[in-house]
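Contents: one structure, followed by commentary.
From a predicted model like this one, the values you see are computed outputs, not experimental measurements.
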Amino acid sequence: LLHKIQSYHNGRIFLLTDCQNRRLCCLDHLCGIHDLDSFLGVILNLVKKQEAEAFVSSGSSGAILVGGQVIVGRSKGVQRPPLAPLIPTQNGVSLLIDCGANVDARPEHLVQFAKMGSIYMEDVVGIKNPRVAIVNIGAEEEKGNALVKETFPLLKECKNINFIGSIEAREIPHGGA
């Protein structure tokens with residue numbers, strides 16, 4: 001794997017590892033964030049100073065999310081940062097945005113996530129006019145919890161996204177959205 005990474009866009013991607021394994025396992029969810037000499041602090045500061053364009057980790061998503069907000073800061077206008085993994089599907093990939101970073105999301109957050117996800121899929125992944133759906137307990141508009149029921153009409157009104165309605169989670173691997 002390292003050979004593949006090193007040969008990909010030689011000079012543009014570099015791999016940093018925490019050789020001293022400092023503070024990588026810790027009970028405090030803010031571990032490593034306030035200590036700017038920690039591995040997480042060093043990497044996030046590289047992003048903040050624009051010496052790195054991105055940071056990928058298999059570590060604590062909570063620490064990375066909080067660290068990103070505390071050290072790097074949010075993009076202007078973003079109300080809540082979502083976690084958004086690309087999910088392999090029969091047709092390529094789908095973006096699952098937000099997959100658990102926000103416990104108390106409001107309808108306006110879900111609308112913003114839909115817009116950000118649509119832009120990402122078009123500009124980064126290269127899918128023109130990507131389909132946007134809300135994961136629900138059924139495809140019918142009237143189904144779902146209060147959050148889904150409040151968000152659905154807001155998504156329908158969005159002119160700048162291709163909202164196709166609700167889909168069940170089982171449709172994601174088949175490329176439902």
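- Taking 4.5 Å as the limit, every side-chain heavy atom of Lys143 sits out of range of all side-chain heavy atoms of Ser166.
- The two residues Leu110 and Ala105 come nearest to each other via the heavy atoms CD2-CB, 4.2 Å.
- At a threshold of 4.5 Å between non-hydrogen side-chain atoms, the residues Arg106 and Arg80 count as touching.
- In this structure, CE in Met121 is found 12.0 Å from CG in Asn129, a value given to the nearest 0.5 Å.
- Here the shortest heavy-atom pairing between Lys149 and Pro153 reads O-CD, 3.1 Å.
- Hydrophobic clustering, with ILVMFWY side chains joined whenever heavy atoms are under 4.5 angstrom apart, keeps Ile97 apart from Val135.
- Asn136 places no side-chain N or O within donor-acceptor distance of the main-chain N or O of Ile167, the cut-off being under 3.5 Å.
- Counting heavy atoms from C-beta on, the side chains of Asn162 and Ile164 come closer than 4.5 Å.
- Of the residues Val93, Asn91, Leu86, the one that meets the side chain to side chain contact (heavy atoms under 4.5 Å, CB included) test with Thr89 is Asn91.
- Distance CG/Asp123 to NZ/Lys128: 7.0 Å, rounded to 0.5 Å.
- Residue Cys158 comes nearest to Lys115 through the heavy atom pair SG-CE, 3.8 Å, listed as atom of the first residue, atom of the second, then distance.
- Taken together through direct or relayed side-chain contacts under 4.5 Å among Ile, Leu, Val, Met, Phe, Trp and Tyr, Leu83 and Leu44 form parts of separate hydrophobic clusters.
- By the 6.0 Å contact criterion, CD on Glu140 is enclosed, its count of non-hydrogen atoms from other residues, nucleotides or ligands being greater than 12.
- Ile172 and Leu96 get closest at one heavy-atom pair: CD1-CD1, 4.3 Å.
- For Ser94 (side chain) and Ile87 (main-chain N/O), no donor-acceptor pair under 3.5 Å exists by modelled atom type.
- By the side-chain contact (heavy atoms from CB on, under 4.5 Å) test, Pro81 pairs with Leu65, Gln69, Arg74, sequence neighbours left out.
- When all heavy atoms of Asp98 and Pro82 are compared, the pair lying nearest together is OD1-CA, 3.4 Å.
- Across Val132 and Ala114, no two heavy atoms sit closer than the pair CG1-CB, 3.8 Å.
- Val111 and Ile119 fall into different hydrophobic clusters, where Ile, Leu, Val, Met, Phe, Trp and Tyr side chains are chained together by heavy-atom contacts under 4.5 Å.
- Put simply, OG on Ser118 and CZ on Phe163 are 12.0 Å apart, with the number rounded to the nearest 0.5 Å.
- When the shell of 6.0 Å around CG of Asp104 is examined, it contains 12 or fewer heavy atoms from other residues, nucleotides or ligands.
- The same ILVMFWY cluster, assembled from side-chain heavy atoms under 4.5 Å apart, contains both Leu40 and Leu46.
- Between the side chain of Gln79 and the backbone N or O of Gln112, no donor-acceptor pair lies under 3.5 Å.
- With rounding to the nearest 0.5 angstrom, the CG atom of Asn145 is 8.5 Å from the OG1 atom of Thr151.
- Separation of atoms NZ (Lys49) and CD1 (Ile71) is listed at 10.5 Å; rounding is to 0.5 Å.
- Put simply, Val78 and Phe113 are part of the same group of oily side chains (I, L, V, M, F, W, Y) that touch within less than 4.5 Å, one to the next.
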